[in-house]
Visitor: 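Below are the C-alpha cells for one structure; questions will follow.
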Amino acid sequence: MFSFLKKRYIIAVLASGLLFVTVSFKDDFFEIAKQIEIFTTLFKTVNQNYVDEINPAELMDKAIKSMLADLDPYTNYFNEQDVVKFKINNTGEYTGIGALVTRKEDKLIIKEPYKGFPADKAGLKAGDAIIQIGDVMLSDFKDDASQLLKGAKNTKVDIKYIRQGKTISSAIILDEVEVKAVPFFSKIDEKTGYIVLSAFNRKTTQETKAALEKLKSDGAERIILDLRGNPGGLLNEAVNVCNLFVPKGEIIVTTKSKNAKYNATYKTANEPVDLDIPLAIIVDGKSASASEIVSGALQDLDRAVVIGCRSFGKGLVQRPIDMTYGTQVKVTISRYYTPSGRCIQALDYWHKDKEGKAVRTDASKYNAFKTKKGRTVYDGGGIQPDIELADSKLSNIAEALQKNDGIFDYATYYYYKNPNLGDKIPSITDADYNDFKTFLKKEKISFDTETELALKNTLEKAKKEKIDETITTQYQQLMATIQKSEESLLDKNQKEIKKLLLDEIIKRYQYKEGLYQYYIKNNPEISRASVLLSNPAEYKKILQ
C-alpha cells in the first residue's frame, strides 16, 4: 500500500509539472513531454529494481535541486521545510533563538547572538559550538539542524555546547524574533543622519521611513543610507524605499524576459517624504539585488551620490511559484534594468568557461548609459559608485580569512583572553597582529585561495591515479611556496585585516549596535560621505 501511495505521489507531482509546462511552453510540448516520460520511466525503474530500499522523496529532492543548480544559483526548489525558511526571510519574523548560526562539521556555530533575544538571554556567545539539541546529537543528525531550534513560543529547548574546550548545558526559551530591516540609525553630527538598511523584507519601507522622519525631526538636513552587506529581498520594497526620495510616478526599475508576461515597469506610487534632502548611498561588493535597484535607480535619477566599491551584480529576478504538497519553486524569470537602461547582472550563467564557471563581462565591453541629467554611467554588472574608494574592496586574502573563519575564530580567542574590555574600543597593535598570525598557524587555518585549492585538487587527482608518491616532494615545495606567499600577503594587507579584526572584536563586546556606534565616528566610507554632504558645491557638481 505504501509503495502504491509513493508512486501516486510521484505521478501527481510529475503530472502537475507537465500541466504547467504544457500551458506555458506549448511550442516545446513534444520535447518536454518526451523528456518527462523518460524521467518517469527511469524513476519507476530505479525505484522497483535497485538493490537496496531507496527514499523516493529524498532522491527526487536531490535530482530536482541538481538540475536547477546547472541554470543559476537563484533558481531553487523548496521542499516543505525549505518553504518555511524562505517565508522567514521575506517577512522578517519567526520563532526561534535569535542568533545567526552556521553548520560546521558536527556542530552549530553561533556566529552572532542578537541582543536581548533568547540565545543572548541564555548566555550564548559568538563562537559557542552547539553539539546537542534536546536528545539529538548533531553528529548523528545530517539534516538542517537549525530547524531543531525553532518551535512554538515559550518552548524550552535543552542544549549542550562547547566553549573554550568545556562542555556546557543550558536551556533556551523560544520566542518571537524580529529581523529588523533597519537595525540602526542615528545622527552622526548636528546636520547629518545615518541609516543602516540591512535587508528588504515587508517592513523595510516602514522602518526606513520612520528612521528618516525621526532624523529630520531631530534636525538632520542630509542623509547617509548604508547598504553595505545588504543581500536584497523584495522588489516592491526597493521601489518604495526609492519613493521616499523621488516623486510619485517615477520609473525605478524595469524587468525584461523572453516571456512577455514577466515584462514589467515599476513606478513609484506614493508621495515622497523629501525630494530635496542631500543623499549619499554607501555600497560594497556584498550589496546585491534590491540594494542595487535602490542605489542604481537613485544614481540614474541623479537623486543620490553613490560611494564605496562596485556592488555585487545580482540582476536576475526570481518569482516563487507554489506547487503541490506544500512545495515551491523559485524561478529566475527576468533581468533587472535601472531607469537609464543598465542591466545589473554581472555573471553570465548561460555562457560558461571551460571549468563550467559563469563568465563576467570584461571591463572593455561595458556599455555607456546616461542618467536623467546626462551623466555617463556604465553597465557591466553591479553599480559602479560615483566616488570609488579603493579600501572598500576586500583583497583576496581578506576574503579567504572571512570565508574560512580565520578572523572569526581569532576574535573568539581574543574575547576570552581579554574578558573585561566592556565598552572600551581596543586597538589592534602590531603585537596583536603577530599573535593573530601565530594563531592561524597554530589552529592550522587554511586560506584556501584559488591557487591553493587548485593545488590540493591536483594532489587529490594524483591520489586517484596513484601517482601522488612521485609528485609528493614537488607538491610540498609548491605548497610551501604558496603558503609563504600568503604570509607575505598577510603583511601587505595588514591595515585592511586589522580593521576586519577590530570590527569582529567590537561585536563580541558590544553587539552589532556597538559596531555601528563605532562606525559613525571612525568608518572611512561614512566619513567620506559626511564630508561630501557637508560640501554642497562638490555634491551638486557630481550630480550635474
Side-chain angles (χ1 to χ4, degrees), residues 89-93 100 112 114 178-188 192-216 218 220 222-246 252-253 266 268 270 272-274 277-299 301 303-312 314 336 338 344 382-383 385-386 392 503 507 511-513 515-520 523 525-526 528-530 533:
N89 290 335
N90 279 347
T91 61
E93 296 176 343
L100 178 65
E112 181 186 348
Y114 303 140
E178 181 182 7
V179 180
K180 281 187 170 291
V182 177
F184 181 85
F185 69 92
S186 172
K187 286 177 66 180
I188 63 174
T192 308
Y194 172 68
I195 302 173
V196 178
L197 183 49
S198 63
F200 285 88
N201 56 41
R202 292 196 178 104
K203 297 182 179 180
T204 297
T205 305
Q206 173 189 336
E207 291 181 16
T208 307
K209 182 180 180 182
L212 176 61
E213 290 177 336
K214 180 64 169 68
L215 289 170
K216 281 169 58 70
D218 289 344
R222 44 206 184 221
I223 295 292
I224 299 170
L225 187 62
D226 195 339
L227 293 174
R228 287 177 292 180
N230 186 322
L234 299 178
L235 171 60
N236 287 336
E237 290 297 313
V239 176
N240 291 336
V241 167
C242 289
N243 198 172
L244 300 175
F245 303 100
V246 299
I252 299 300
V253 64
Y266 294 85
T268 51
N270 305 305
V273 172
D274 197 317
I277 192 166
L279 179 64
I281 298 175
I282 307 176
V283 297
D284 65 7
K286 294 181 180 179
S287 305
S289 191
S291 297
E292 297 173 293
I293 291 173
V294 171
S295 54
L298 295 179
Q299 184 184 52
L301 297 172
R303 182 61 187 88
V305 173
V306 181
I307 295 173
C309 65
R310 185 179 278 273
S311 61
F312 181 80
K314 197 272 188 181
Y336 289 128
T338 66
I344 295 170
I383 302 303
D386 300 298
S392 296
D503 287 356
K507 286 194 295 182
Y511 302 90
K512 202 71 169 281
E513 182 180 351
L515 180 61
Y516 292 133
Q517 291 284 5
Y518 172 77
Y519 271 3
I520 61 178
N523 183 258
E525 288 85 356
I526 295 173
R528 182 66 182 91
S530 181
L533 292 175

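Small disclaimer: the values here were computed from a predicted structure and weren't measured.
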Visitor: Should V253 and I344 count as side-chain neighbours, where that means a heavy-atom distance under 4.5 Å?
Guide: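 A side-chain contact under 4.5 Å is absent here.
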Visitor: Answer yes or no: is there a side-chain heavy-atom contact under 4.5 Å between L235 and Y336?
Guide: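 In short, these two side chains touch, coming nearer than 4.5 Å.
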Visitor: If you measure from CG on D218 to OG on S186, what distance do you get to the nearest 0.5 Å?
Guide: 9.0 Å
Visitor: To the closest 0.5 Å, what do you measure between CZ (F245) and CD1 (I281)?
Guide: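 Rounded to the nearest 0.5 Å, the CZ-CD1 separation comes out at 7.5 Å.
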Visitor: Please give me the minimum heavy-atom distance between A199 and A181, naming the atom from each residue.
Guide: O-CB, 3.6 Å
Visitor: Taking all non-hydrogen atoms of both residues, which atom of F312 and which atom of G285 are closest, and how far apart?
Guide: CB-O, 3.3 Å
Visitor: May I ask you to test the V239-N243 pair for a side-chain heavy-atom distance under 4.5 Å?
Guide: no
Visitor: Between D226 and R228, is there a side-chain N and carboxylate O pair less than 4.0 Å apart?
Guide: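 Here D226 pairs with R228 in a salt bridge, since their nearest N and O are under 4.0 Å apart.
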Visitor: Counting N and O atoms only, with roles assigned by atom type, does the side chain of S198 sit under 3.5 Å from a partner on the main chain of N230, one being a donor and the other an acceptor?
Guide: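 Checked: no pair found.
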Visitor: How far does CG of L225 sit from CD1 of I307, to the nearest 0.5 angstrom?
Guide: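 Rounded to the nearest 0.5 Å, the CG-CD1 separation comes out at 11.5 Å.
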Visitor: Contact between Y194 and T192 at the side-chain level, heavy atoms closer than 4.5 Å - yes or no?
Guide: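 SC-SC contact between Y194 and T192 ruled out.
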Visitor: Will you find, in the side chains of D503 and Y519, an N or O donor that is under 3.5 Å from an N or O acceptor?
Guide: yes
Visitor: Could you give the distance from CD (E213) to CG (D274), rounded to the nearest 0.5 Å?
Guide: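 Rounded to the nearest 0.5 Å, the CD-CG separation comes out at 10.0 Å.
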Visitor: Drop me the distance from I282's CD1 to S291's OG, to the nearest 0.5 angstrom.
Guide: 12.5 Å
Visitor: Within the supplied structure, the quantity of interest is the number of heavy atoms (other residues, nucleotides, ligands) at a distance under 6.0 Å from K187 NZ; does it exceed 12?
Guide: yes
Visitor: Using a 4.5 Å cut-off on heavy atoms from C-beta on, say whether the side chain of I383 contacts that of V283.
Guide: no
Visitor: Where is the tightest heavy-atom contact between G193 and A220, given as atom of each residue plus distance?
Guide: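 For G193 versus A220, the nearest heavy atoms are N-CB, 3.9 Å.
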Visitor: If you compare all heavy atoms of S289 against all heavy atoms of G232, which two are closest, and at what distance to 0.1 Å?
Guide: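 Nearest heavy atoms, S289 then G232: CB-CA, 4.1 Å.
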Visitor: Give the C-alpha distance, both sets of side-chain angles, the deciding distance and a yes or no for side chain to side chain contact (heavy atoms under 4.5 Å, CB included) between V306 and L298.
Guide: CA-CA 9 Å; V306 181; L298 295 179; over 6 Å; no
Visitor: Between E292 (side chain) and K314 (backbone), is there a donor-acceptor pair under 3.5 Å?
Guide: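 At least one qualifying donor-acceptor pair exists.
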Visitor: Are side-chain heavy atoms of F200 and V294 found at a separation under 4.5 Å?
Guide: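 Sidechains of V294 and F200: in contact.
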Visitor: E237 and side-chain hydrogen bond (donor to acceptor under 3.5 Å, both in side chains): which single residue from T204, T208, T205 fits?
Guide: T205
Visitor: Is there side-chain contact between D284 and C309, with at least one heavy-atom pair below 4.5 Å?
Guide: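 Touching, per the 4.5 Å side-chain cut-off.
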Visitor: Is there a side chain to side chain contact (heavy atoms under 4.5 Å, CB included) between I277 and R303 once you walk through the steps?
Guide: CA-CA 9 Å; I277 192 166; R303 182 61 187 88; 3.6 Å; yes
Visitor: How many angstroms lie between CG in L301 and OG1 in T338, if you round to the nearest 0.5 Å?
Guide: 9.0 Å
Visitor: Counting C-beta onward and ignoring hydrogens, is there a side-chain heavy-atom pair between L215 and R222 closer than 4.5 Å?
Guide: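 L215 vs R222: side chains apart.
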